[in-house]
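A short worksheet on the structure shown next.
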Amino acid sequence: MFDMRPVGYLVGLMVMAMGLTMALPLLVDIAEGREHWPVFAESLIITCLIGGLVALACKNSIEEGLTIQQSFLLTTLVWAMLPLFGAIPFMLGETRLGFVDAYFESMSGLTTTGTTVLEGLDDLPKGILLWRGILQWLGGLGIVIVALVFLPVMRVGGMQFFRSEGFDTFGKALPRTIDISKGVLNVYLGLTAICTLFYLALGMDAFEATVHSLTTVSTGGFSTSDASFASFPGAPQYVAVVFMILASLPFVRMMQGVQGNIRPLLHDTQVRTYLRWIGYAVILVVGYDLVELGELSEERFRERLFNVVSIFSGTGYGDGDLMGWGHMPFVVLIIVGAIGGCTGSTGCSIKIFRYQLMLNALAQQTRRIFNPSSVMILRHEGRRVEDEVLQSVMLLFTFYILSLGFFSVALELTGLTLLESVTAAWTSIFNIGPVFGENVAASGALHGFPDEAKALMILAMLMGRLEIVAVIVLLLPAFWRP
């Protein structure tokens, strides 16, 4: 019989831990003096109480680790339940959101998608704005841990490739999983602190710098203003570009760099490919501008660089009217959003590593047409790629494309236009942020969307963040057989 207690125990502990983080916006609200702090006091008590009771009821249930079924269920339940409790402040506070809207905002935060239903951010209590940033920061760290610890074990989307030699890096294996997690946390904290200092130095106040560093390093995209990063033109946008890129690089490689071994980061083909493809995308949109206008100002270059990196990394900050760039640049943005950052980062989407494997496999099959008798072995960074890994990657890619089609059709059936339904499916399944269409507010808020559309986007955000297969496999009866 399947034992739910280990899963319930860990979920309860995580819910309780998230409840404790509500103390931070509570203190900010007290300092602001708007009498909004009771909202977070109530939310903290409810969340910690329920999480604690669940953990207590399932205590002493973990003896020898989790089974593969429990690992899959835990991963999905954590990302479904934490947004449920994260939504409480949105329902009780000045925002007074209904359940669907509140759950949407919380899910968008924890999955670091960055799509919002809120408008009038500039006038909201600081506690709510900080809570949105905390949700994204927790989600960004969480997905890195999932990518490094759970997905390799669950053999999802080719991630077993990274488990095969214990996160091997140029012949030297990394320490235990707990040490990897601590190292990644230190890098994450370091990036957040340094990003905050840069934002402060460039004119943001302490609150703006803190919230935007939380949402930059998590590649989340929530802002303190309806205008998003358009409120901070100039040097802050260049700083944001740097940290969005850093947050999209493999955290294990950065951890090694911090420890004094920069070689793995510099020689990682995934990192070099990611930086090169960013360069290609920027050249395409900037070149289009030069052809159309015959000139290019620093402001226009910065706007294009900022938005390309924002969407490529899945951060989703906004600056300017992307639809007004022209058809070709808009298509480039759609494509880079479907690529995403590096594996083991806070970046979104399918990831560079998987595109590398697919393109290498395609090139190998093309060569085999002309040399049918030759023996060819697919390799990545000098290591052999087993057929199982490639099949897993192909399956994941197929699921992404099919999910994009399914959610596009389903969203259009709720009454959205074709552009709205396709971009809503795109931004949700790839965890990017912006949606385009006539029912989207000038600030990018989706409060005009029907609840049915928001519910579908919630499901798509969850599936996209957990790379689809981890959710779908739970629906297969064969998976639950002993």
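In this text, all values refer to a predicted model and were calculated from it rather than measured experimentally. We number each residue from 1, following the sequence as shown.
His447 approaches Ala441 most closely through the heavy-atom pair NE2-CB, 3.8 Å. A pairwise comparison of heavy atoms in Glu208 and Thr224 identifies CG-OG1, 4.0 Å as the closest pair. Considering all non-hydrogen atoms of both residues, Ala445 and Glu119 come closest at CB-CB, 4.3 Å. The two residues Thr112 and Gly139 make their nearest non-hydrogen contact at CG2-C, 3.9 Å.
Within 6.0 Å of CG in Asp387 there are 12 or fewer heavy atoms belonging to other residues, nucleotides or ligands. By the neighbour-count criterion of 12 heavy atoms within 6.0 Å, atom CD of Glu299 is sparsely surrounded, having that number or fewer from other residues, nucleotides or ligands.
A donor-acceptor pair shorter than 3.5 Å cannot be found between the side chains of Ser349 and Tyr400. Between the side chains of Thr113 and Ser108, no donor-acceptor pair of N or O atoms lies under 3.5 Å. A donor and an acceptor atom, one from each side chain of Thr192 and Trp137, are located under 3.5 Å apart. Looking at Arg354 and Thr343, their side chains never bring a donor and an acceptor atom within 3.5 Å of each other. Under the 3.5 Å distance criterion, with hydrogens and angles disregarded, a donor-acceptor pair is assigned to the side chains of Glu303 and Trp325. For Thr210 and Tyr199, the side-chain atoms include no donor-acceptor pair closer than 3.5 Å. No hydrogens or angles considered: nothing links the side chains of Ser225 and Ser223 as a donor-acceptor pair under 3.5 Å. Checking Thr346 against Thr219 by side-chain atom types alone, a donor-acceptor pair falls below 3.5 Å.
For the pair Tyr188 and Val144, the minimum side-chain heavy-atom distance is 4.5 Å or more. Counting heavy atoms from C-beta outward, Ser403 and Ile468 have side chains that approach closer than 4.5 Å. When side chains are defined from C-beta on, Leu118 counts as touching Leu97, because their heavy atoms get closer than 4.5 Å. Using a 4.5 Å heavy-atom threshold, the side chains of Asp101 and Asp451 count as touching. Ile352 is listed as a side-chain neighbour of Gln356, based on a closest heavy-atom distance under 4.5 Å. Taking 4.5 Å as the limit, every side-chain heavy atom of Met461 sits out of range of all side-chain heavy atoms of Arg465. Between Glu386 and Arg384, the closest side-chain pair of non-hydrogen atoms falls below 4.5 Å. Residues Lys351 and Glu467 meet the side-chain proximity criterion, which asks for heavy atoms closer than 4.5 Å.
Summarising the geometry, atom CG belonging to Leu357 is positioned 12.5 Å from atom CZ belonging to Phe397; distances are rounded to the nearest 0.5 Å. Separation of atoms CZ (Phe399) and CE (Met463) is listed at 8.0 Å; rounding is to 0.5 Å. Between the CZ atom of Arg302 and the CD atom of Glu298 there is a distance of 4.5 Å, given to the nearest 0.5 Å. Ile369 CD1 to Gln365 CD: the interatomic distance, rounded to the nearest 0.5 Å, is 7.5 Å. Atoms OG1 and CZ, on Thr315 and Phe222 in that order, are 12.5 Å from each other to the nearest 0.5 Å. The distance from atom CD1 of Ile429 to atom CE of Met457, rounded to the nearest 0.5 Å, is 10.5 Å.
Counting only distance, with no hydrogens or angles, the side chain of Ser392 and the backbone of Glu388 share no donor-acceptor pair below 3.5 Å. Put simply, the side chain of Thr427 gets close to the backbone of Gly433: a donor and an acceptor are under 3.5 Å apart. Between the side chain of Thr273 and the backbone N or O of Gln270 there is no donor-acceptor pair closer than 3.5 Å. Although no hydrogens or angles enter the test, the distance criterion places no donor-acceptor pair under 3.5 Å between the side chain of Ser428 and the main chain of Ala425. At distances below 3.5 Å, at least one donor-acceptor pair connects side-chain atoms of Ser313 with backbone N or O atoms of Ser310. For the pair Asn186 (side chain) and Lys182 (backbone), a donor-acceptor distance under 3.5 Å is present. Checked by atom type and distance alone, the side chain of Asn439 never pairs as donor or acceptor with a backbone atom of Phe449 at under 3.5 Å. For the pair Thr423 (side chain) and Leu419 (backbone), a donor-acceptor distance under 3.5 Å is present. For Ser228 (side chain) and Ala230 (main-chain N/O), no donor-acceptor pair under 3.5 Å exists by modelled atom type. Side-chain atoms of Glu105 come within 3.5 Å of backbone N or O of Val117 as a donor-acceptor pair.
Using cut-offs of 30° and 60° on the angle between ring planes, the pair Phe229 and Phe306 is tilted.
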Original post:
Which is it for Val309 and Ile245 under the side chain to side chain contact (heavy atoms under 4.5 Å, CB included) test, yes or no, and what are the steps along the way?
Top reply: CA-CA 7 Å; Val309 173; Ile245 291 175; 3.7 Å; yes

**OP:** Run the numbers on Tyr317 and Thr216 for side-chain hydrogen bond (donor to acceptor under 3.5 Å, both in side chains), then give the verdict.
**Re:** CA-CA 9 Å; Tyr317 285 137; Thr216 300; 2.9 Å; yes

Original post:
How far apart are the C-alpha atoms of Trp426 and Phe407, what are their side-chain angles, what is the distance that settles it, and do they pass the ring pair (Phe, Tyr, Trp, His ring centres under 6.0 Å) test?
Top reply: CA-CA 9 Å; Trp426 166 79; Phe407 282 107; over 10 Å; no

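Look at Arg300 and Glu295 and you find no salt bridge, because none of the NZ, NE, NH1 or NH2 atoms lies under 4.0 Å from a carboxylate O.
Checked against the 6.0 Å centroid threshold, Phe232 and His212 count as a close aromatic pair.
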Show me the donor-acceptor pairs within less than 3.5 Å that the side chains of residues 328-339 make with the rest of the protein, sequence neighbours left out.
none

Under 3.5 Å, which donor-acceptor pairs link side chains of residues 411-418 to any protein atom two or more places apart or in another chain?
| from | atom 1 | to | atom 2 | distance (Å) |
| --- | --- | --- | --- | --- |
| Thr414 | OG1 | Leu411 | O | 2.5 |
| Thr417 | OG1 | Glu420 | N | 3.2 |
| Thr417 | OG1 | Glu420 | OE1 | 3.3 |

